[in-house]
Participant: 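Sending over a structure as C-alpha cells; questions will come in a sec.
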Amino acid sequence: MFLNSPLIIAILQLIRLFWQLPYCKLLLWLLPLLLFTSGETSLMAHDETLYALRARQIFETGDWVSPWGNPHHKTPGFYWLIAIFYQLFGVSDTTARIPTMIAGILSIFVIYQVGEILLSQKLAFLGMMILSVEFLWVQYCRLSTPDLPTILLVFIGIFSLLKSDIDIQNRHFYGFITGLSFGLGFLMRSLMIFLPMVALLPYLIIDHRRHRHLTNPMLYLGFLVGLIPTLIWLYFSWLRYGSDSIGALLGFVIELGSHEQHNNGILFYVWNLALKSFPWLFFSLLGLVLVIRRSLSKYPLILIGFPVILFIEISIFSTRFSHYSLGIYPFIAFLAAVGLDWLGKIYQKGFADQFSSNQMVYLPRNISYAWGILGIILVVAGTGILVWGEVDIHKYAILLIYSGFGSLIVPLVWIGNFHYHCKFLTSHYWLCGLLISCWLSIATAGNLGLLGDFNPKFRIFYEQESINKILHKNPINFVKGKGFNDKESLLIYFYTPHYGKTVEAISQLPVLSYAWIYQPSSVGLATHYRVIGSFKDYQLIQVLSTIFDF
C-alpha cells in the first residue's frame, strides 16, 4: 500500500525523468571524481597557491584593484571570483577550489551541447564521458586556477556561434553572447584569450559566406560589453600606476614568449598530450581519420581546425605548460568518441558473426588483450613497490594495483563474450569497461589524496597541535631577510590565518611575539627566541628577549 501511494509514485517518476536526462548522468559520472578525497587537502605551489593568496589579499584589504602595491601582470577576473567565494564561505583551500569545480561541471554541460551540433547526441554524450576521465582535465577541475573558467567562456562562445549559424532569426542574440563570452575571457585570462580566438579564424573566414558571423554587429558589441569590467579595472589601475598598468600586461606575455621553461621543447605537447590524456588520444587519432574520410561533421573547421590551430599556437609559444593545452582535450574526447563508437560496431559485428573473414573484427580483441596486459603489468609493478619500495610511495603502488585490476575488466568482457558465449556482454559493456577502468584509476587517485593534497609534508607540519594552536590564536609576523620568495613561502603566507608585521630583523619585534623567519643563521642577529617548529628553510619562532649575546 505504501509503495502504491501517489506521493511515492510521483517521486519514482520524477527520479526516472531525471535519470533520462543526459545532464544528470554526466553529473553522477563526474561529481565523485571531483569530490573524492582522502579528507586532507593542501594547495599546489606554485600557481594554485598564488591565485588563492592574491584573492585572499583582495578579500582582506577590500582593494579590488591592486592590493599588491604594484601594477599587476594579469587581469584580476579569477582573483575576484575566488574573493567572492571567500566572502561566502571563508578563506580556505577548499573554498579557493570551488569556482573551478563549478566551472568544470558547467563546462561539461556546455561542451556536450557543442558536441550535439558538431556530431550527434550519442557521440556528444560518449565524448563527455571520456572527457570526464581524462586525467589532466579532472586534475584542473580540482585546482584553483583560471583554466576551467576560461574554457567555459570559450565554449559558451563556440556554442553561441554554432547556434547563430543554425538559428538565423536569433543570430544577433547569439552573436552578442559570443562576443560577451570572449570579452569576459579577457578579464579571466588576459591576453591568453586571443589564442582560442585565433583558432576560430579558419571557421570564421572560410565559412563566412554561409554564416556571416564577422558582419554581425552584435558580436562586436558583446565583446565591448564583456571588456567593460577589464577597462574599469585598467582605469583605476592607471590612476595609481600610469602606463605601467598596460605595460605589465604586455610585458608578461612578451616575457613568456621570449624563452623556454623547464626545457620544454617544441615537441612538448606531442608526448604530453599522449601521456596526460592516455589512452584517449590514440582513439582520437582513429576518430580523426573517420571524420575526415566519412565527413561525419558539418563543422570540420571547428571539430578539427580549432584544436589543430590551437596546438600549433601553443607549440610555437616558447613557454609551454601542460595546462595550456586543456582547450584541446574536449576535441580529443569528441574524436575518441567517434573512434570508440566505430570500434563498438566492429565488436558487435564480431559478436554476430564470430567466423567473419573481416580482419577488423580482431581489432577490439587486440585492444582488449593489450588492455589486460597493461593491467597485469600495473598490478605486478604496484605489488613490487608495496613489498620493496619506500613507504612514501606506497600511495602510488595502491593506485597502480587498483588501476591494474580495473583494466582487467575489458579483456574479461571480451573473453566472457567470445569464449564463454555470454550473449548479454554486448559492445556497450565493452565500452563501459574501457571507461570504468579509467574512472576507477582517477577515483582511486582522488581517495588517496593525489589530486588534492599536493603538499602533504607542509600540511602535516601545519596541523601539529603546537603549531596550529599558535597560528590561529596569534598574529604572526614575518622577518623577511633574504627569504620569502619561493614556493614554500607562498604556502606559509596562505595558511597563516592572522598576519602581523613584516620586518627586516627579529630585533624589531616585541618580546613574546611570534614570527616566521628564513634560515636564522643568515639573519645575523643575536636575538633570543624559541623555535616552535621548522619547515625546510623556515622556522616559526617566539621572541623571548632583545638582549644581545656579546
Side-chain angles (χ1 to χ4, degrees), residues 73-78 103 107 110-111 113-114 117-118 145-165 171-208 210-231 233-234 246 249-250 252-254 256-257 269 299-321 323-332 334:
H73 57 281
K74 294 182 180 180
T75 46
F78 189 61
S107 294
V110 174
I111 297 170
Q113 291 287 335
V114 171
I117 299 173
L118 295 180
T145 65
D147 300 281
L148 263 296
T150 304
I151 289 174
L152 173 61
L153 291 170
V154 168
F155 275 90
I156 289 174
I158 293 174
F159 171 72
S160 299
L161 278 177
L162 294 171
K163 288 294 289 184
S164 177
D165 193 1
R171 67 186 297 266
H172 291 299
F173 169 75
Y174 288 116
F176 179 84
I177 297 299
T178 298
L180 181 67
S181 298
F182 284 105
L184 292 174
F186 189 85
L187 176 68
M188 192 67 59
R189 205 70 172 90
S190 64
L191 294 169
M192 294 294 288
I193 194 62
F194 286 105
L195 294 179
M197 291 173 68
V198 171
L200 283 171
L201 285 180
Y203 164 71
L204 293 172
I205 295 173
I206 296 174
D207 284 352
H208 176 68
R210 186 187 75 218
H211 53 64
R212 300 191 181 279
H213 293 316
L214 294 177
T215 58
N216 185 347
M218 298 303 289
L219 177 71
Y220 305 100
L221 178 61
F223 186 70
L224 291 175
V225 172
L227 284 179
I228 287 176
T230 303
L231 294 175
W233 173 75
L234 277 174
I246 299 176
L249 290 176
L250 296 175
F252 181 67
V253 175
I254 293 172
L256 285 179
Y269 293 108
Y299 301 94
L301 291 175
I302 291 182
L303 181 60
I304 299 174
F306 181 92
V308 168
I309 298 298
L310 186 58
F311 178 85
I312 294 172
E313 288 180 289
I314 60 178
S315 295
I316 294 174
F317 201 64
S318 297
T319 299
R320 302 177 184 95
F321 294 113
H323 61 275
Y324 286 0
S325 64
L326 278 169
I328 300 175
Y329 280 72
F331 297 96
I332 292 176
F334 286 145

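Along the sequence shown, residues carry numbers from 1. It should be emphasised that the depicted structure is a prediction, and the values quoted were computed from it without experimental measurement.
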Participant: State, with a plain yes or no, whether a side-chain heavy atom of Leu200 is found less than 4.5 Å away from one of Pro196.
Facilitator: no

Participant: May I ask you to test the Thr230-Pro76 pair for a side-chain heavy-atom distance under 4.5 Å?
Facilitator: no

Participant: Does the side chain of Ile302 reach to within under 4.5 Å of the side chain of Ile117, using non-hydrogen atoms?
Facilitator: no

Participant: Report the residues that fulfil ring-ring contact (aromatic ring centres under 6.0 Å, His included) with Tyr203, sequence neighbours left out, ordered by chain and then residue number.
Facilitator: His211, His213

Participant: Only counting residues at least two apart or in another chain, list the ones meeting ring-ring contact (aromatic ring centres under 6.0 Å, His included) with His323.
Facilitator: Tyr140, Phe321

Participant: Quick one: pull up CD1 in Ile328 and CG in Leu310 and give me the separation to the nearest 0.5 Å.
Facilitator: 4.5 Å

Participant: Which residues satisfy the side chain to side chain donor-acceptor pair (under 3.5 Å) test with Thr145, sequence neighbours excluded?
Facilitator: Asp147

Participant: To the nearest 0.5 angstrom, please state how far the CD1 atom of Ile228 sits from the CZ atom of Phe223.
Facilitator: 12.0 Å

Participant: Give, for atom CG of Leu219 and atom CZ of Arg212, the distance between the pair rounded to the nearest 0.5 Å.
Facilitator: 15.0 Å

Participant: Could you grab the distance from atom OH of Tyr174 to atom CG of Leu180, nearest 0.5 Å is fine?
Facilitator: 14.5 Å

Participant: State the OH-CG distance between Tyr299 and Asp207, to the nearest 0.5 angstrom.
Facilitator: 9.0 Å

Participant: Can you give me the closest heavy-atom contact between Ile193 and Phe182, atom names plus distance?
Facilitator: CG1-O, 3.9 Å

Participant: Return the set of residues passing side chain to side chain donor-acceptor pair (under 3.5 Å) with Lys74 (not counting sequence neighbours), or none when no residue passes.
Facilitator: Tyr51

Participant: With sequence neighbours left out, what residues match Phe194 under side chain to side chain contact (heavy atoms under 4.5 Å, CB included)?
Facilitator: Phe186, Leu191, Met197

Participant: What salt bridge (charged side-chain N to carboxylate O under 4.0 Å, His left out) pairs are there with at least one residue in residues 191-201, not counting sequence neighbours?
Facilitator: none

Participant: Show which side-chain atoms of residues 148-164 pair as donor or acceptor with protein atoms under 3.5 Å away, not counting sequence neighbours.
Facilitator:
| from | atom 1 | to | atom 2 | distance (Å) |
| --- | --- | --- | --- | --- |
| Thr150 | OG1 | Pro146 | O | 2.7 |
| Ser160 | OG | Ile156 | O | 2.9 |

Participant: Which residues pass the side chain to side chain contact (heavy atoms under 4.5 Å, CB included) test with Leu231, sequence neighbours left out?
Facilitator: Leu227

Participant: Find out whether His208 and Thr215 are in side-chain contact, i.e. whether some heavy atom of one side chain is under 4.5 Å from a heavy atom of the other.
Facilitator: yes

Participant: List the residues meeting side chain to side chain contact (heavy atoms under 4.5 Å, CB included) with Ile206, not counting sequence neighbours, and say none if there are none.
Facilitator: Pro202, Leu301

Participant: For Tyr269, enumerate each residue passing the side chain to side chain donor-acceptor pair (under 3.5 Å) test, keeping only those at least two apart in sequence or located in another chain.
Facilitator: none

Participant: Please report the C-alpha distance between Leu195 and Phe317 in whole Å, then the side-chain angles of each, then the deciding distance to 0.1 Å, and finally whether the side chain to side chain contact (heavy atoms under 4.5 Å, CB included) criterion is met.
Facilitator: CA-CA 10 Å; Leu195 294 179; Phe317 201 64; 5.8 Å; no

Participant: Which heavy atom of Ser325 sits nearest a heavy atom of Tyr329, and at what distance?
Facilitator: O-CD1, 3.2 Å

Participant: For Phe306, check ring-ring contact (aromatic ring centres under 6.0 Å, His included) against everything at least two apart and list the hits.
Facilitator: Phe331

Participant: Not counting sequence neighbours, which residues clear side chain to side chain donor-acceptor pair (under 3.5 Å) with Asn216? List them please.
Facilitator: His172

